[in-house]
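Here is the structure we will look at, set down as structure tokens.
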Amino acid sequence: MRMSPLNQRRWRNFRANRRAAWSLVIFAVLFGLSLGAEFLANDHPLLVSYKGEIRSPVLQFYSEKDFGGDFQTEAVYHDPVVQCLIISGGAEGCFDTPTKTEAEAKAGAIDGKPVTPGWILWPPIPYSYNTINDIKGAAPSAPDAKHWLGTDDTARDVLARVIYGFRMSVSFALVVTAATSVLGIAAGAVQGYFGGWIDLIFQRVIEIWGSTPSLYVIIIVAAIWQMNFWLLAGLMVLFGWTHLVHVVRAEFLRARNFEYVRAARALGVSNGVIMVRHVLPNAMVATLTFLPFIITGAISSLATLDFLGFGMPSSAPSLGELTLQAKQNLQAPWLGFTAFFAFAIMLSLLVFIFEGVRDAFDPRKTFQ
């Protein structure tokens with residue numbers, strides 16, 4: 001599909017901002033990798049060969065009994081017994097000698113019994129965000145060859161939690177920003193275009209709604225119900241949709257009496273078409289100027305609520321909860337450094353990208 005000349009000019013303007021273009025590439029790679037976090041950091045193998053059959057535990061449930069064990073519960077793949085069962089093809093000797101090595105299994109026999117050798121393919125990080133690891137010494141443990149960013153105070157791998165936390169933070173911010181933008185732009189457009197009593201009533205409603213202590217409401221809701229992703233996102237949208245109303249309203253108030261708008265009315269064009277096709281594009285520059293603050297504010301709000309204990313459950317892969325652990329474990333500086341750089345890189349990339357988007361939609365800026 002060929003882009004229109006206007007969109008081509010916008011794309012050229014965006015690419016001309018090299019900082020924004022490179023930030024988009026880097027952010028797209030990082031976010032794309034985080035979308036496949038289950039294939040990067042997981043305590044379930046990617047592939048398992050058992051008795052010549054290829055299985056994918058990362059995508060499907062397998063009980064220990066499916067590998068020759070005794071239990072119907074899901075197999076614990078880090079358990080030496082389970083690994084021995086997979087590699088040895090379900091040899092009974094694994095229960096008597098769970099420390100049998102992979103080399104012994106591949107040799108073709110365990111306890112003198114012939115077996116069909118198998119293998120296990122692990123993700124690059126063989127731990128999920130909620131995996132409790134068996135570490136040497138006390139938690140949190142320092143970075144080492146197994147845990148590249150160390151572990152937190154409950155022996156969970158920090159790098160795995162950062163990958164999942166990055167995905168959750170960005171997804172949360174995108175959902176909140178999209179919903180608040182749609183509601184805020186629609187409300188501001190109606191106010192500014194029609195004016196009069198509609199504008200007056202809307203303004204009074206926004207003033208009353210804006211004075212509502214949103215943090216107290218979130219605390220009350222968190223005390224009544226178990227907080228989750230969608231409930232928290234809904235609360236953020238409920239109190240955040242007013243951020244764009246004043247900007248869009250001012251642009252529509254300014255443009256509603258322009259000559260081209262009056263001409264469109266005279267030609268019988270409907271108000272909806274005039275608002276969307278003719279007035280809204282002129283309000284996009286001012287709107288896009290505020291989007292970086294909304295999306296970074298959503299990420300910061302999520303981290304703040306998690307830090308205070310009113311956000312996602314403590315088991316969730318939250319960067320705010322990692323920041324809290326850094327505060328409570330000053331003897332483990334790797335937690336603080338990891339949280340700082342995760343937030344700094346993520347927020348900087350988003351701000352640079354939206355700066356480029358703002359320049360691309362600005363008709364006054366033309367780059368060669």
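- Between Gly311 and Asp306, the shortest heavy-atom contact is CA-OD1, 3.2 Å.
- More than 12 heavy atoms of other residues, nucleotides or ligands sit less than 6.0 Å from atom CZ of Phe61.
- With respect to the salt-bridge test (charged N to carboxylate O, under 4.0 angstrom), the residues Arg262 and Glu259 qualify.
- A donor-acceptor distance shorter than 3.5 angstrom exists from the side chain of Ser211 to the backbone of Ile208, with no hydrogens or angles considered.
- With Asp66 contributing its side chain and Ser63 its backbone, the two residues share a donor-acceptor pair below 3.5 Å.
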Exercise. Check step by step if side-chain contact (heavy atoms from CB on, under 4.5 Å) holds for Ile135 and His147.
Key: CA-CA 10 Å; Ile135 59 175; His147 306 284; 4.0 Å; yes
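- A donor-acceptor pair under 3.5 Å is formed between the side chain of Ser56 and the backbone N or O of Leu46.
- Residue Phe258 places its CZ atom among more than 12 non-hydrogen atoms of other residues, nucleotides or ligands, all under 6.0 Å distant.
- For the pair His246/Ile206, a side-chain contact is recorded, criterion being any heavy-atom separation below 4.5 Å from C-beta on.
- Hydrophobic clustering, with ILVMFWY side chains joined whenever heavy atoms are under 4.5 angstrom apart, groups Ile224 together with Leu305.
- No single ILVMFWY cluster, assembled from side-chain heavy atoms under 4.5 Å apart, contains both Val237 and Val182.
- Expressed to the nearest 0.5 Å, how far CG of Leu308 lies from CG of Leu324 amounts to 8.5 Å.
- At most 12 non-hydrogen atoms from other residues, nucleotides or ligands lie less than 6.0 angstrom from CZ of Phe337.
- When each of Val351, Thr296, Leu319 is checked for a side chain to side chain contact (heavy atoms under 4.5 Å, CB included) with Met346, only Leu319 meets the rule.
- Between the side chain of Asn228 and the backbone N or O of Trp230 there is at least one donor-acceptor pair closer than 3.5 Å.
- In this structure, the separation between CD1 on Ile353 and CG on Leu291 is 12.5 Å, given to the nearest 0.5 Å.
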Practice problem: Just do the side-chain contact (heavy atoms from CB on, under 4.5 Å) check on Arg55 and Phe67 with the steps written out, would you? | Solution: CA-CA 11 Å; Arg55 302 179 179 180; Phe67 297 109; 3.6 Å; yes
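- In this structure, Ile345 CD1 and Phe340 CZ are separated by 9.0 Å, a value rounded to the nearest 0.5 Å.
- We find the CE-CD1 distance between Met168 and Ile299 to be 11.0 Å, quoted to the nearest 0.5 Å.
- Side-chain atoms of Thr131 come within 3.5 Å of backbone atoms of Ser128 as a donor-acceptor pair (strictly under, hydrogens ignored).
- At a threshold of 4.0 Å, the pair Arg156-Glu321 counts as salt-bridged, since one of the basic side-chain nitrogens sits closer than that to a carboxylate oxygen.
- Between Leu280 and Phe252, some side-chain heavy-atom pair lies under the 4.5 Å cut-off.
- For the pair Ala160 and Ala41, the tightest heavy-atom approach, listed with the atom from each and the gap, is CB-CB, 3.9 Å.
- Leu183 and Val247 fall into different hydrophobic clusters, where Ile, Leu, Val, Met, Phe, Trp and Tyr residues are linked whenever their side-chain heavy atoms come under 4.5 Å apart, directly or through other members.
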Quiz prompt | Worked check of side-chain contact (heavy atoms from CB on, under 4.5 Å) between Glu64 and Glu74 | solution = CA-CA 6 Å; Glu64 183 180 307; Glu74 186 172 19; over 6 Å; no
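- Side-chain N or O atoms of Ser34 include one that pairs as donor or acceptor with a backbone N or O of Phe31 at under 3.5 Å.
- For the pair Arg10/Gln8, no side-chain contact is recorded, criterion being any heavy-atom separation below 4.5 Å from C-beta on.
- The CZ atom of Arg358 lies 9.0 Å from the CG atom of Asn17; values are rounded to the nearest 0.5 Å.
- A salt bridge links Glu38 and Arg167; the closest N-O separation between the charged side-chain nitrogens and carboxylate oxygens is under 4.0 Å.
- Without hydrogens or angle criteria, Asp157 side chain to Tyr127 main chain gives no donor-acceptor distance under 3.5 Å.
- Among Leu253, Val279, Val190, Thr287, the one residue that satisfies the side chain to side chain contact (heavy atoms under 4.5 Å, CB included) test with Val248 is Thr287.
- By the criterion of side-chain heavy atoms lying less than 4.5 angstrom apart, applied directly or through intervening Ile, Leu, Val, Met, Phe, Trp or Tyr residues, Leu215 is grouped together with Trp225 in one hydrophobic cluster.
- Atom OH of Tyr129 is separated from atom CG of Asp43 by 10.0 Å, given to the nearest 0.5 angstrom.
- Look at Arg249 and Asp199 and you find a salt bridge, because one of the NZ, NE, NH1 or NH2 atoms lies within 4.0 Å of a carboxylate O, short of that distance.
- The ring pair (Phe, Tyr, Trp, His ring centres under 6.0 Å) analysis of residues 167-207, with sequence neighbours excluded, yields the pairs Phe172-Phe229.
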Quiz item: Hey, mind stepping through His243 and Phe290 against ring-ring contact (aromatic ring centres under 6.0 Å, His included) and telling me if it holds?
Solution: CA-CA 9 Å; His243 293 159; Phe290 279 83; 9.3 Å; no
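- There is no side-chain donor-acceptor pair under 3.5 Å between Gln83 and His78.
- When the shell of 6.0 Å around CZ of Arg277 is examined, it contains 12 or fewer heavy atoms from other residues, nucleotides or ligands.
- In this structure, the side chain of Thr180 engages the main chain of Thr177 through a donor-acceptor pair within 3.5 Å.
- No donor-acceptor distance shorter than 3.5 angstrom exists from the side chain of Thr212 to the backbone of Ser214, with no hydrogens or angles considered.
- Here the shortest heavy-atom pairing between Ile294 and Leu244 reads CD1-CG, 3.6 Å.
- Two residues are said to be in side-chain contact when any heavy atoms from C-beta on lie closer than 4.5 Å; Phe39 and Pro123 fail this criterion.
- Within a 6.0 Å sphere centred on CZ of Arg204, heavy atoms belonging to other residues, nucleotides or ligands number more than 12.
- Shown here for Leu149 and Pro143, the closest heavy-atom pair between the two residues is C-CG, 3.8 Å.
- For the pair Met275 and Arg256, the minimum side-chain heavy-atom distance is 4.5 Å or more.
- Taking both residues in full, the closest heavy atoms of Phe343 and Gly320 are given as CZ-N, 4.2 Å, listed atom of the first, atom of the second, then distance.
- A 4.5 Å side-chain heavy-atom check between Leu121 and Val48 finds every atom pair outside the cut-off.
- A donor-acceptor contact under 3.5 angstrom links the side chains of Thr154 and Asp152, judged on distance only.
- Between Trp119 and Ile87, the closest side-chain pair of non-hydrogen atoms is not below 4.5 Å.
- Residue pairs meeting the side-chain hydrogen bond (donor to acceptor under 3.5 Å, both in side chains) criterion with at least one partner in residues 343-353, sequence neighbours excluded, do not occur; the list is empty.
- Ring pair Trp209/Phe239 is parallel by interplanar angle, where below 30° counts as parallel and above 60° as perpendicular.
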Quiz item: Step by step, would you call Val170 with Phe27 a side-chain contact (heavy atoms from CB on, under 4.5 Å)?
Solution: CA-CA 10 Å; Val170 175; Phe27 182 82; 3.5 Å; yes
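- Smallest separation of non-hydrogen atoms from Tyr77 and Pro57: OH-CB, 3.3 Å.
- When atom types are taken as modelled, the side chain of Arg161 and the backbone of Thr151 share no donor-acceptor pair closer than 3.5 angstrom.
- Residues Asn13 and Asp359 are not in side-chain contact: their nearest non-hydrogen atoms beyond the backbone lie 4.5 Å or more apart.
- At a threshold of 4.5 Å between side-chain heavy atoms, the hydrophobic network of Ile, Leu, Val, Met, Phe, Trp and Tyr places Val25 and Leu350 in two separate groups.
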